[in-house]
Amino acid sequence: MKKTLTFLMLALAALAAQAQNTYWVFLADKSDSEFDPYTYFDAKALERYAQCGADLYDVSNYPVSPAYEQGVSALAMEHVGSSRWMNAVGIVATPDQAAQIEALPYVLRVQLIASRATLASSDFSEYSDYSENIDTTLTDQVVRMQGQLFREKGIDGRGMRIAVFDGGFPKVNTHEAFAHLRDAGRILKTWNFPNKKEDVYGWNGHGTMTLSCIAGRMGGKDLGLATGAEFLLARTEVEPEPFKEEIWWMQAMEWADKLGANIISSSLGYGKDRYYTKDMNGTSYVARAGNMAARKGILVCSSAGNEGADSKWKTIVTPSDADSVLCVGGIYHSLDNYSHIDFASYGPTADGRQKPNVCAFARTWAANPHGKGGYQMVHGTSFSCPLVAGFAACAWQMNRDKTAMQMFDLIQRSADLYPYCDYAFGYGVPQASYFTGQQKQVAPTFRFERQSATRVSVIPLRNDTSLLIFFKDVAADGLITRYGQRKYHKFDSGISIDFQGGTRLVVNANGYTAEYTFDQPTAPATPWITAGFEHSKGNYTYSDIESHVPALERAKESRWIRDAYLMFGRPIALGDEELKSNLWSPAWHIGIRQSYHFTKAYSIGLGLEWAKTFYRFNDRELNKLERLLNIPMRGYLSLGNAEVTRRRLSLGEVSLELFQRIRFQPGGLNHKGFHWDLGVYGSYGYSFYRIKAKLVGDGLVAGSSEEILGNPTALDGYRFNYGLTTRLTYNYFGLYARYRLNGLGGEVAADEVLLPRLEVGLQVMF
């Protein structure tokens, strides 16, 4: 038994050292690659390349060298896929295998991947006509973008090809919301990258909901604007796989490029589960792929993310941080209330660039992929993104001579706040009137009046109008130092705005934008957030809807994480030579751990704890223990008139542990997600053997007494201990095991006390 356990524990340690990871292997060149664009590309792709002037024979279009790919795959545990654009092979391998692969002469470098996409959440609600709007054939979510103006001109995205990347598309092949697409044969191709097959009509229903926001119909109403477009559906995400999605996403980009996609709608973001906020600067591989797609004539629409309420993540997610990717933020689902929705991520990028670019409803109606079908309300920037993708298809249908980046610029210009922009709304919600020639000329709605060196008044030009004002302070380097909204009522005079941290004040009200320039920069703004309170100023009132300062300093997330914990378990005897404790032998530990994250999927740490184990044995084991401890039956115990009520061995330890933590399923830092810890520990122990007895009979005075034998000599072998620890933890709770190694493999002396080596139990982290 002892040899078996030794082998198992050593194997466990070896397994930790050889944990499998997912990597990109970047190759030096494309030796021996052959490529004919006219047989590789779809005719629609050739047309797009010609229109934007991209080079069909660009080296990025050539396939990865078959010999190189085969050589890398032969040394890996698993071949996941390859990327032409990155000239890289995605693999699963142990660290030793990765090192061998990196030593190959044609390998530039090996890059660890530890990613997981963030999807939106949803809540179910049966369909009902929840509001009246301008056009009864459109839902409010498309009316907010003036979708009825496209419909009046017969614009529905016809001739445009849209690729949708997501975690699955259950019921798209049967749901009534997509009957018009199926009947017209507008779902052209599908591919399931994780499973390497065409079937995508299952798995995560998120894709069904996002597709419905591009082209779905709900009864007689359109959920999205591109009901006449063609579609390519790619499944790129799985649950709970945290490591391979970026490889599949990259492959899907190249697949969409090959098949002639004009637009990509990707409601997937890679953020805090993989990266640090400082990484959201457009340099991730998926961000680079987004920029490359734009150069090849594809408009990439991507969600800003749903981390707006996360105090540790005040930026967007990648690939929305790419310069040429249209990042879509979120607003509340109202035709009257123009407010940032609380969960939508804020810009800017980590390096200070303007994001998001535009915004749309982030709480929408969508096709229900579960149960018997129907429709539901869903929320997330995952749904504002496809709304804009459908809008873009209609806008591009009216401007077929434009390139992807020209459309990118036009969509920004069409937004209802343009030229004003900030880090909550971008340039605002795209408007169809910009493309249909029905855009109204904006008349001035206010003027500025200087009050002091740091204060200016916004004076309304009509005193019977309530104005929703967007304002921002802009520094000399172009960074926004403060921004927000105010709604003003009952104007008789102007409203003062204290100017902070910049040289320009930019204000937008009812579509009119103007700016006021200060001669000298003012004091830096202090971070503050206010929401929903009223200010009385004589005969007028105003309310701060939201105003705050961008928290770029939060881009420096700490890699050091500390947590306290409590463990409660019991020792278990596995060998015949070990003393067998009963069920009432509790062991508990209290401690603190400090860990350093090399990546958000791997960390090492140090733990300090105090532990106490109370061993209780049956009579047979107790007699054996007392004989081995050489405990004399002295005092009243030798009279034979004492009833022993308790005999218990206590072992205390102060331990120091060195461990590594591998995250299998992410959910954020610290306690969130599914982790496996494996470590080694060393400890100093001290022991007590307690005998408690009650005196009875023979004229003696009844009473009780307790004998304590501290640190018995026979337990000296437990003064210094060492062993292995392992834990499986999900969020705040987990299971743990400890196995003592000292003395393992040696002969057991006749007078040696052999306590159980294994301890198992539950863990709670704080």
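Keep in mind that what you see is a predicted model, and the values were worked out from it rather than measured.
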Donor + acceptor pair across side chains of Ser382, Ser267 (<3.5 Å): no

Test item: side-chain donor near acceptor, Gln763 and Thr729, under 3.5 Å: yes

Please check: side-chain N/O of [X] versus main-chain N/O of [Y], any donor-acceptor pairing under 3.5 Å?
X: Glu578; Y: Leu574; value: yes
X: Asn306; Y: Gly380; value: no
X: Thr22; Y: Ile113; value: no
X: Arg740; Y: Pro756; value: yes
X: Lys314; Y: Gly308; value: yes
X: Ser585; Y: Asn582; value: yes
X: Ser345; Y: Glu307; value: yes
X: Thr613; Y: Ala587; value: no
X: Thr318; Y: Asp321; value: no
X: Gln97; Y: Thr94; value: yes

Is the NZ or CZ atom of Arg235 both under 6.0 Å from the centre of the six-membered ring of Tyr201 and within 45° of that ring's axis? no

Arg593 NZ/CZ over Tyr565 ring centroid, <6.0 Å and within 45° of normal: yes

Decide salt bridge (charged side-chain N to carboxylate O under 4.0 Å, His left out) for Arg727 and Glu657; before the verdict, give the C-alpha distance in whole Å, the side-chain angles of both, and the deciding distance to 0.1 Å. CA-CA 13 Å; Arg727 292 177 292 273; Glu657 178 193 4; 3.1 Å; yes

Tell me if the centroids of the rings in [X] and [Y] come within less than 6.0 Å of each other.
X: Tyr602; Y: His597; result: no
X: Phe720; Y: Tyr684; result: yes
X: His589; Y: Tyr736; result: yes
X: Tyr285; Y: Phe26; result: yes

Salt-bridged, Arg738 to Glu609, with N to O below 4.0 Å? yes

Electrostatic pair Glu653-Arg719, nearest N-O below 4.0 angstrom: no

Would you mind reporting whether [Y] and [X] have side-chain heavy atoms less than 4.5 Å apart?
X: Gln660; Y: Ser603; result: no
X: Glu237; Y: Leu268; result: yes
X: Met567; Y: Ile590; result: no
X: Asp563; Y: Phe766; result: no
X: Ser83; Y: Glu246; result: no
X: Trp249; Y: Tyr270; result: yes
X: Phe733; Y: Asn731; result: no
X: Val80; Y: Trp248; result: yes

Mind listing the closest non-hydrogen atom pair of [X] and [Y] along with its distance?
X: Ser303; Y: Thr381; result: OG-O, 2.9 Å
X: Ala234; Y: Ala252; result: CB-CB, 4.1 Å
X: Trp203; Y: Asn195; result: CZ2-OD1, 3.9 Å
X: Glu621; Y: Asn618; result: N-OD1, 2.9 Å
X: Phe659; Y: Leu606; result: CE2-N, 3.6 Å
X: Ile247; Y: Tyr23; result: CD1-O, 4.2 Å

Which value, rounded to the nearest 0.5 Å, describes the distance between [X] atom [atom1] and [Y] atom [atom2]?
X: Arg562; Y: Ile592; atom1: CZ; atom2: CD1; result: 5.0 Å
X: Thr725; Y: Tyr681; atom1: OG1; atom2: OH; result: 8.5 Å
X: Thr277; Y: Ile316; atom1: OG1; atom2: CD1; result: 12.0 Å
X: Thr236; Y: Gln251; atom1: OG1; atom2: CD; result: 10.5 Å
X: Leu758; Y: Tyr739; atom1: CG; atom2: OH; result: 7.5 Å
X: Leu649; Y: Leu625; atom1: CG; atom2: CG; result: 6.0 Å

Name all residues meeting the side chain to side chain contact (heavy atoms under 4.5 Å, CB included) criterion together with Trp560; count only those two or more places apart in sequence or in a different chain, and write none if there are none. Ser558, Gln594, Tyr596

Mind running side-chain hydrogen bond (donor to acceptor under 3.5 Å, both in side chains) on Asn192 and Asp199 for me, showing each step along the way? CA-CA 6 Å; Asn192 185 327; Asp199 182 18; over 6 Å; no

Classify the ring geometry of Phe674 against Tyr730: parallel below 30°, tilted from 30° to 60°, perpendicular beyond 60°. tilted

Once you measure the plane-to-plane angle for His379 and Phe343, does it fall in the parallel (<30°), tilted (30-60°) or perpendicular (>60°) bin? tilted

Would you please test Ser650 and Tyr689 for side chain to side chain contact (heavy atoms under 4.5 Å, CB included) and show each step? CA-CA 6 Å; Ser650 301; Tyr689 189 72; over 6 Å; no

Please walk me through it: do His79 and Glu69 pass side-chain hydrogen bond (donor to acceptor under 3.5 Å, both in side chains)? CA-CA 9 Å; His79 174 268; Glu69 187 168 7; 2.7 Å; yes

Side chain to side chain contact (heavy atoms under 4.5 Å, CB included) between Thr315 and Tyr346, intermediate numbers included: CA-CA 5 Å; Thr315 186; Tyr346 296 93; over 6 Å; no

What do the steps show when you test Leu27 against Val72 for side chain to side chain contact (heavy atoms under 4.5 Å, CB included), and what is the final call? CA-CA 10 Å; Leu27 305 174; Val72 168; 4.2 Å; yes

The test is side chain to side chain contact (heavy atoms under 4.5 Å, CB included); show your working for Glu78 and Ile91 and say whether it passes. CA-CA 6 Å; Glu78 178 188 346; Ile91 60 167; over 6 Å; no

